[in-house]
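Side chains are part of it too, since the values below use all heavy atoms of this structure and drop only hydrogens, waters and symmetry mates. Keep in mind it's a predicted model, so treat the numbers as computed, not measured.
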Amino acid sequence: MHLHGGTAAELAWNLDDEGFIDVVRRRFTKVFGTAPGAQEVQSWRRSWPALARILNAAGLHDQYLLLEYCLPATGERVDALMLGLDTDGHLCAVVFELKQWTHAELSPARPGMVKTAGRVVQHPARQVGGYVQYLRQWVSRDDHPVTARGTVILHDAPAPLVCALRAQAAHGPSAAYPVLGRDDLTAHPTPQDLARRLGCAGLRPAGRDDVERFLRTTHRPSPALLERAGKVIEGHDALALIGDQDRARQEVLHAVDATRGRGGKSIVVVTGGPGTGKTVIACRLLGDLCKQPGRNPRLLSPSGTLTRQLRRTVGDASRGLITTFLDNVPASITHDSVVLLDEAHRARTYPDHQHADFPVTLGKLIDRAAVTVLFLDERQIVRPTEGLTLTQLRQHAQRTGSAFAHIDLTTQFRCNGSRAYQQWVDHLFRPTGPASSWESDDYDLALAAHPEQLDHWVAAHIRNGTTARITAGFCWPWDSPPTPPLVPEVVIPYDGPNGPRTWARPWNARADQPHPDHPDVPARAFWATDTGGHHQIGCIYTAQGMEYAYNAVIIGPDLVRRPEGWIARPEESRDAKLRRLPPHRYLQYALNTYRVLATRGSRGTRFYATDTLTQNFLQTLIPPHRQ
């Protein structure tokens, strides 16, 4: 998909028409389902005329150009993509990243990042390199080879900024991609020199047939990419499988082979509670499928946090193979794909995503792929806009004539492998009925008397070199700016040994990238793993799917315990989609939320409740924390 296609000369002619940008804006809405932001439209108005002027000055007026070209496996868009033929007659795609920068801040500590206009973004040469690698690994075929190049065009940037960006990219793979500023973008001494600087030397115009063939190409990972990703996953110690996990892996592979043997489609559901290894199994299966010839696998998750953590684990080889699944089916999934959907219970279902008894977008995903493997824990559904059940999936398979298999994981590998703790948590967060006292000694569980104890306990584990985090129900404002410094909005008054006290900490950062001036404030996706995360409070949306060694849980005023059982108080929630629910509907989401938070720690957990009666109730079940 793209917003405009034509030669550089045609682009210049179109830009003389005042209505051209409006036409493109309407096409954007039609293609992507949402209107472009004002800032994006403004960038088109500033960069497209500059690009047209530069290309025509370089004598490239007959070269074909695609504006806002979408890379469907990643959901990213290339600002401009020029198509030509190289000296061997192969189609060559030249990526142009367009920036209107006149100022940016660079940090030697983070050479891959740049701060500009108050935002921390990827270095543009690194960004171009990612696009080029995608084109080489997802578009090029043996029968229709595509070469790829890339250039950064900073058409307003002064020489000092350009020199600084070049110096920062001088070492490593980003050095292969030129960074051009205002002074570089003139046809001096000749147009051929400008074409060379742009990375377009030796290119002749592509024919319409070549362009159409490129646009029709199905994006799928190359065998080399799959082989590399498979080796990385296979050799990663953190992705080793044990016992029950490996059995589930083998059963899924058997179901995949059976589907390929008989044709048709299959749905495989892998159920299991927290810590049973669903994510690890999904990763290992991706590695297995990457090594099988002619395959087109994907690992999807509705959680952006989990997606970014998995990409970090697998590395650059995972680009396009591991992605977030929300409102659209990735266009690169085909009839031979095996799709692994981790955290399927978080798939969007309501109100705009469900028709009849099954989510629309998920139904399209299952219909497109050969085999869909869904990893599911119904008791981790924490919002009314999410949720999927084993029964729904079985019924959908029956309606569509798909083969169906169910694998249940029972062995628990988190929480020190303590089945006793998992059962205790499951009993604790039932709506009614008695809860059990903690009597086992195979897991470190205790009740903190006040939040300062949680802080000291977590800090002690950090000093000892182990991971520890504090989480809380979403019961406090979260209005901090997206970049540090963060505001301590989680404020809890309590009675200390020496009188009334107040404890306050910030929520985790909302930004997707760390700020170069605040290295101890991790980006939100890495709050659970990166240095400094223990100074912030995580909530369900940053903790779900993660784990760390020691886990502190603050039960907020949205869930309180009374003699008749748990009572929900949705008015105490700060989640706009939840606080409008009636208490009886909110209750199950709150219980699921705290159950998830309570099962993040692999070695130990501390509880604290802000409600006095709830804290008193927990005192009857949990031993007190001791220094």
### Task
Keeping to residues at least two apart or across chains, list the side-chain hydrogen bond (donor to acceptor under 3.5 Å, both in side chains) pairs with something in residues 469-480.
S480-E489

#### Entry: NZ/NE/NH1/NH2 to OD/OE distance under 4.0 Å, D342 and K278
no

### Query
Do L362 and I366 have side chains that get closer than 4.5 Å, going by heavy atoms?
yes

### Query
Looking only at side chains, do Y589 and D558 share a donor and an acceptor under 3.5 Å apart?
no

### R383 and Y541: side chain donor to acceptor below 3.5 Å
yes

### Task
Name all residues meeting the side-chain contact (heavy atoms from CB on, under 4.5 Å) criterion together with R595; count only those two or more places apart in sequence or in a different chain, and write none if there are none.
P274, D377, R379, Q380, Q422, V425, D426, F429

### Message
With a sphere of 6.0 Å drawn around NZ of K291, does it hold more than 12 non-hydrogen atoms of other residues, nucleotides or ligands?
### Response
yes

#### Entry: Residues in side-chain contact (heavy atoms from CB on, under 4.5 Å) contact with P431, at least two apart in sequence or another chain
L587, Q588, L591

### Query
Taking only residues two or more places apart in sequence or in another chain, which ones pass ring-ring contact (aromatic ring centres under 6.0 Å, His included) with H461?
W457, Y550

### Task
In plain terms, say whether D495 and R501 are close enough for a salt bridge, that is, a side-chain N and a carboxylate O under 4.0 Å apart.
no

### Message
Do T305 and T542 pair up side chain to side chain, a donor and an acceptor below 3.5 Å, judged on atom types alone?
### Response
no

#### Entry: Flag side-chain contact, heavy atom, 4.5 Å: P506 against Q536
yes

### Task
Go through the structure and list residues passing ring-ring contact (aromatic ring centres under 6.0 Å, His included) with F404, not counting sequence neighbours.
none

### Message
Which heavy atom of W507 sits nearest to which heavy atom of P477, and what is that distance?
### Response
NE1-O, 2.8 Å

### Query
Would T605 and Y443 count as having a side-chain donor-acceptor pair, cut-off 3.5 Å?
yes

### Short side-chain donor-acceptor distance under 3.5 Å, T432 and E564
no

### Message
Between S440 and D442, do the side chains contain a donor N or O and an acceptor N or O under 3.5 Å apart?
### Response
yes

### Task
Can you sort out the partners of H406 under ring-ring contact (aromatic ring centres under 6.0 Å, His included), two or more places apart, ordered by chain and number?
none

